[in-house]
**Q** 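One structure, pasted below without further comment.
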Amino acid sequence: MAKDKNTKKLDVKKNIKVSNGIVNKTEHIKVETPNNATLKIKNGANGNKTISLEENVNFEKEVLTDKTKTKALHKKSNKAKAQLKSTKVLSDSGLQGKKAKVLRKDNTGKLLVGLSAISLVLIMVVMGQFFILESSDPSNTLYKGTTINGVNVGGLEYSQAEQLLAETFKEKSESFKLNLNYQDKNWSFDKNDFTVNSEIHTIIEEAQKRDQINSSYQNQTAKLEELKKQGVSINVAFNYIFVGLDDKIDKIISEIEVEPINSELKFDNKTNKFVATEHKNGLRVNKEQLYFDINEQFNLTNNVNVEIKTVEEVPAVTKEQNDVLNTQVATFTTYVSDSTGGRKNNVKLALEKFNGMIIEPGEEVSFNKITGPHTLENGYKIATIIYKGQFVDGVGGGVCQASTTLYNALLLANVEILEVHKHTLPVKYVPLATDAMVSEHLADLKFKNNSEYPLLIATSTNSESVSVKIYSHPLDVQIKTRAEVIKTLNHSGDVIKPDTNKEYTSKVLFKGEQYRLTYPRSGYEAVAYLEYYKDGVKIDEKEIRHEIYAPQNGIVIEGIEDVPNGMTIIDGKVEKIEASSADASNVVTLSDLIPANMCP
């Protein structure tokens with residue numbers, strides 16, 4: 001139920017300050033109060049009236065002129081006090097949970113709700129760092145007890161404080177000298193080397209931009225309320241006052257500082273090894289300390305003399321780090337002693353393309369791109385290759401042994417394999433399912449450095465063997481490969497093919513004359529594994545390949561010409577080989593493997 005209300009009307013004549021002078025206006029204020037409320041009116045300084053009530057107060061102020069500014073409402077303790085002042089508006093202040101309203105009515109007026117405060121920004125120097133706070137004080141004055149660089153600006157309006165600081169900073173700049181020293185070098189500055197920034201808001205904005213310190217309004221307000229009680233001492237850093245010194249100091253720093261030089265891994269062709277170069281430490285100016293030292297003296301004297309302090313900067317990559325990367329993590333060797341000269345040449349040439357290679361983390365490598373094209377122009381020679389399941393001469397025979405040797409070394413180094421292919425026929429120089437056939441435009445060996453460290457590859461060849469060594473950060477496990485034949489696939493014996501195209505007329509010509517082109521070979525199903533060991537104990541195993549090498553029929557070529565009258569073919573036929581038995585064992589027969597000198 002609403003309380004009965006009394007309405008009291010006051011005529012107040014007062015001087016109202018506006019920006020362009022003083023205007024005398026008479027204002028009518030209607031104050032509605034409960035019947036039991038006490039209305040107290042007190043004359044204050046400068047003609048201000050203070051109205052105090054014990055209960056809810058609902059002020060409705062009707063302004064008779066649009067030049068008059070809205071008055072401010074303040075709260076104090078359990079009483080609501082409305083003081084008529086020509087200042088900014090502070091509305092919606094709670095009076096013990098009850099509301100006070102100030103309504104302004106004019107042609108362009110709107111209801112103002114919420115807190116409108118002038119920001120006071122405090123800059124406090126701690127090791128060259130600044131923090132910024134905003135004031136919730138509605139007045140345009142700084143808190144009492146506030147000092148900026150020792151100048152008492154408490155109680156002054158912003159414009160007054162700026163004027164006072166401008167005079168103080170200008171006077172200080174007249175005799176300000178800055179001497180910076182480093183070893184036998186000296187840099188001196190005086191008033192002619194900078195301009196003075198006397199505007200507080202400009203200094204504040206620059207500090208805020210540089211330090212980018214954001215705190216909530218509530219935190220700022222709480223901090224200011226605490227500082228308000230004891231006064232605030234602010235030290236504005238010298239480089240915010242003396243514009244231009246920052247750039248000059250940065251130039252000095254650039255003359256002193258030395259960039260660190262990383263250690264590098266380089267390949268020595270003479271020793272066929274990687275070598276880590278020495279690193280060189282850099283030199284950095286302790287800029288934070290320098291600004292602190294300057295500012296500390298600046299607040300005490302106009303003659304600042306500071307020794308520039310430096311610290312050594314260790315490069316990102318040191319020789320010690322590269323020495324660790326130069327650890328051999330894998331090696332693999334295959335043999336070429338019974339290979340032809342052309343084949344040995346091709347194996348060696350392909351592996352030399354990888355000698356001294358450094359593969360960065362995440363980098364992918366294609367064997368064919370590195371070694372190709374496999375042409376005579378690129379130094380490759382003619383040797384035996386497999387073409388459509390048969391052995392023929394071709395350029396680059398033996399390259400597959402190079403790719404297979406590299407592949408097995410990569411496996412032992414725990415490198416990720418992206419693409420690998422088996423041969424059509426099982427080869428002799430590695431266990432089944434661990435070969436890596438390549439053929440330009442058809443089959444490639446691709447891999448990726450999936451570690452966080454570089455991979456270093458070194459290769460070597462001689463008349464007996466070829467080897468690949470891989471260096472990198474030591475692995476936390478030892479890796480081995482294991483291959484297992486799980487099934488033998490029986491062949492179907494010989495197939496007799498007439499020499500229709502007369503490709504083998506040097507061997508056979510007449511019917512009944514036969515020439516064995518190939519022997520039948522059993523096929524195999526094989527699986528390859530990676531085994532992981534730690535401290536000599538096997539801790540894991542995973543399957544990496546499951547391959548089927550199809551069985552091959554023997555091929556016998558027979559001539560197509562009729563035997564002339566009176567001519568007899570003597571021992572012209574070859575012994576025919578029948579299909580292999582169904583109960584053949586899972587043991588690989590050496591005769592089923594391609595001899596090394598015929599391997600692609």
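Counting from 1, the numbers follow the sequence of the chain as shown. No hydrogens, no waters, no symmetry mates; every other heavy atom, side chains included, goes into these values.
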**Q** Side chains of I359 and V415, heavy atoms from C-beta outward: is any pair under 4.5 Å?
**A**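 No, every pair of side-chain atoms sits at 4.5 Å or beyond.
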
**Q** Checking I370 against M357 for the side-chain contact (heavy atoms from CB on, under 4.5 Å) test, could you report, in this order, the C-alpha distance in whole Å, the side-chain angles of both residues, the deciding distance, and whether it holds?
**A** CA-CA 10 Å; I370 298 298; M357 179 179 289; 3.8 Å; yes

**Q** Would you say the side-chain atoms of T310 pair up with the backbone N or O of R284, donor to acceptor, closer than 3.5 Å?
**A**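 No; judged by distance alone, with no hydrogens or angles, the pair does not exist.
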
**Q** Walk me through whether Y182 and E255 qualify under side-chain contact (heavy atoms from CB on, under 4.5 Å).
**A** CA-CA 11 Å; Y182 178 73; E255 294 176 20; over 6 Å; no

**Q** Can you find a heavy atom in the side chain of L325 that is under 4.5 Å from one in the side chain of H473?
**A**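 They are in side-chain contact.
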
**Q** Should we count CG of D268 as having more than 12 external heavy atoms under 6.0 Å?
**A**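 Counting other residues, nucleotides and ligands, CG of D268 exceeds 12 neighbours.
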
**Q** Does any non-hydrogen side-chain atom of L456 lie less than 4.5 Å from one of F267?
**A**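 When only atoms from C-beta onward are counted, L456 and F267 do not touch, as no gap falls below 4.5 Å.
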
**Q** With rounding to the nearest 0.5 Å, note down the distance linking CG in L164 to CG in L156.
**A**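 L164 atom CG to L156 atom CG measures 6.5 Å (nearest 0.5 Å).
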
**Q** I need the L412 CG to Q328 CD distance, nearest 0.5 Å.
**A**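 The CG atom of L412 sits 10.5 Å away from the CD atom of Q328.
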
**Q** Could you walk me through whether Y471 and L265 pass the side-chain contact (heavy atoms from CB on, under 4.5 Å) check?
**A** CA-CA 11 Å; Y471 301 84; L265 283 164; over 6 Å; no

**Q** Go through Y291 and I249 one step at a time and tell me if the side-chain contact (heavy atoms from CB on, under 4.5 Å) criterion holds.
**A** CA-CA 10 Å; Y291 273 65; I249 291 176; 4.0 Å; yes

**Q** Does some side-chain heavy atom of I261 sit less than 4.5 Å from a side-chain heavy atom of P315?
**A**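 Answer no - side chains too far apart.
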
**Q** So D250 and K287, do their side chains get closer than 4.5 Å, heavy atoms only?
**A**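 Touching, per the 4.5 Å side-chain cut-off.
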
**Q** Are any of the side-chain nitrogens in K319 or D323 under 4.0 Å away from the carboxylate oxygens of its partner?
**A**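 Yes, K319 and D323 are salt-bridged.
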
**Q** Is there side-chain contact between I294 and L180, with heavy atoms separated by less than 4.5 Å?
**A**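 Yes - at least one pair of side-chain heavy atoms lies under 4.5 Å apart.
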
**Q** Using only atom types and a distance under 3.5 Å, with no angle test, would you say the side chain of K248 pairs donor to acceptor with the backbone of D193?
**A**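 Checking the backbone N and O of D193 against the side chain of K248, a donor-acceptor pair under 3.5 Å is found.
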
**Q** Does a side-chain heavy-atom distance below 4.5 Å link V324 with Y453?
**A**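 Heavy-atom side-chain distance check fails, nothing below 4.5 Å.
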
**Q** For K177 and D190, work out which heavy atoms get closest and say how close.
**A**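 K177 and D190 have their closest heavy atoms at CG-CB, 4.4 Å.
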
**Q** Does the N272 side chain pair with the main chain of A458, one donor and one acceptor, at a distance under 3.5 Å?
**A**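 Between the backbone of A458 and the side chain of N272 there is no qualifying donor-acceptor contact (under 3.5 Å).
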
**Q** Would you give the length of the straight line joining atom CD of E363 to atom CD of E360, rounded to the nearest 0.5 angstrom?
**A**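 Output value for this atom pair is 6.5 Å.
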
**Q** I'd like to know if the side chain of N305 pairs up with that of N181 as donor and acceptor (distance under 3.5 Å, no hydrogens or angles considered).
**A**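 Side-chain D/A pair, N305 to N181: present.
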
**Q** Please answer whether the main-chain N or O of S366 pairs with a side-chain N or O of D444 as donor and acceptor at a distance below 3.5 Å.
**A**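 No, the answer is negative, given that no donor and acceptor are paired below the 3.5 Å cut-off.
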
**Q** So, taking the atom named CD in Q321 and the one named NE2 in H279, what distance separates them when rounded to the nearest 0.5 Å?
**A**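 With rounding to 0.5 Å, CD (Q321) is 8.5 Å from NE2 (H279).
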
**Q** Taking atom OG1 of T459 and atom CG of L406, what is their separation to the nearest 0.5 Å?
**A**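 T459 OG1 to L406 CG: 9.0 Å, rounded to 0.5 Å.
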
**Q** As a quick check of understanding, evaluate side-chain hydrogen bond (donor to acceptor under 3.5 Å, both in side chains) for N186 and S188, giving each step before the final call.
**A** CA-CA 7 Å; N186 174 265; S188 297; 3.0 Å; yes

**Q** Does the distance from a Lys or Arg side-chain N to an Asp or Glu carboxylate O, for K534 and D540, drop under 4.0 Å?
**A**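 Result for this pair is no, no salt bridge flagged.
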
**Q** Quick one about D476 and Y532 (side-chain donor to acceptor, distance below 3.5 Å, no hydrogens or angles considered), yes or no?
**A**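 Judged by distance alone, the side chains do not pair up.
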
**Q** Sub-3.5 Å donor-acceptor pair from the side chain of T371 to the main-chain atoms of F367, do we have one?
**A**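 Yes, T371 side chain to F367 backbone: donor-acceptor pair under 3.5 Å.
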
**Q** When rounded to the nearest 0.5 angstrom, what is the spacing between OG1 in T327 and CZ in F274?
**A**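 Taking OG1 in T327 and CZ in F274, the distance rounds to 12.5 Å.
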
**Q** Give a yes or no on whether the backbone of V285 and the side-chain of E257 come within a donor-acceptor separation of less than 3.5 Å.
**A**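 Yes, E257 side chain to V285 backbone: donor-acceptor pair under 3.5 Å.
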
**Q** Please list all pairs meeting salt bridge (charged side-chain N to carboxylate O under 4.0 Å, His left out) that have one or both residues in residues 294-311, counting only residues at least two apart or in different chains.
**A**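 As it turns out, the salt bridge (charged side-chain N to carboxylate O under 4.0 Å, His left out) pairs with a partner in residues 294-311, which skip direct neighbours, are D293-K309.
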
**Q** How are the rings of F447 and F354 set relative to one another: parallel (under 30°), tilted (30 to 60°) or perpendicular (over 60°)?
**A**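 Tilted: the ring planes of F447 and F354 meet at 30° to 60°.
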
**Q** Can you confirm whether E313 is buried at CD, in the sense that more than 12 heavy atoms of other residues, nucleotides or ligands lie under 6.0 Å from that atom?
**A**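 Enclosed: over 12 neighbouring heavy atoms sit under 6.0 Å from CD of E313.
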
**Q** Determine whether more than 12 heavy atoms belonging to other residues, nucleotides or ligands lie under 6.0 Å from atom NZ of K280.
**A**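 12 or below, so no.
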
**Q** Quick one: side-chain hydrogen bond (donor to acceptor under 3.5 Å, both in side chains) partners of S451, sequence neighbours excluded?
**A**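 Testing S451 for side-chain hydrogen bond (donor to acceptor under 3.5 Å, both in side chains), a comparison that skips the adjacent residues, returns N449.
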
**Q** For S263 and N322, which heavy atoms make the closest approach, and how far apart are they?
**A**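 Shortest heavy-atom contact: OG-ND2, 2.9 Å.
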
**Q** Which heavy atom of L283 sits nearest a heavy atom of I256, and at what distance?
**A**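 Result for this residue pair: CD2-O, 3.9 Å.
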
**Q** Hey, would you say the F176 and F189 ring centroids sit under 6.0 Å apart?
**A**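 They do not qualify: ring centres at least 6.0 Å apart.
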
**Q** Taking C-beta and beyond as the side chain, do L411 and I479 meet within less than 4.5 Å on heavy atoms?
**A**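 L411 vs I479: side chains apart.
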
**Q** Which heavy atom in V329 sits nearest to a heavy atom in P474, and how many Å separate them?
**A**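 The pair with the smallest heavy-atom distance is CG1-CA, 4.1 Å.
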
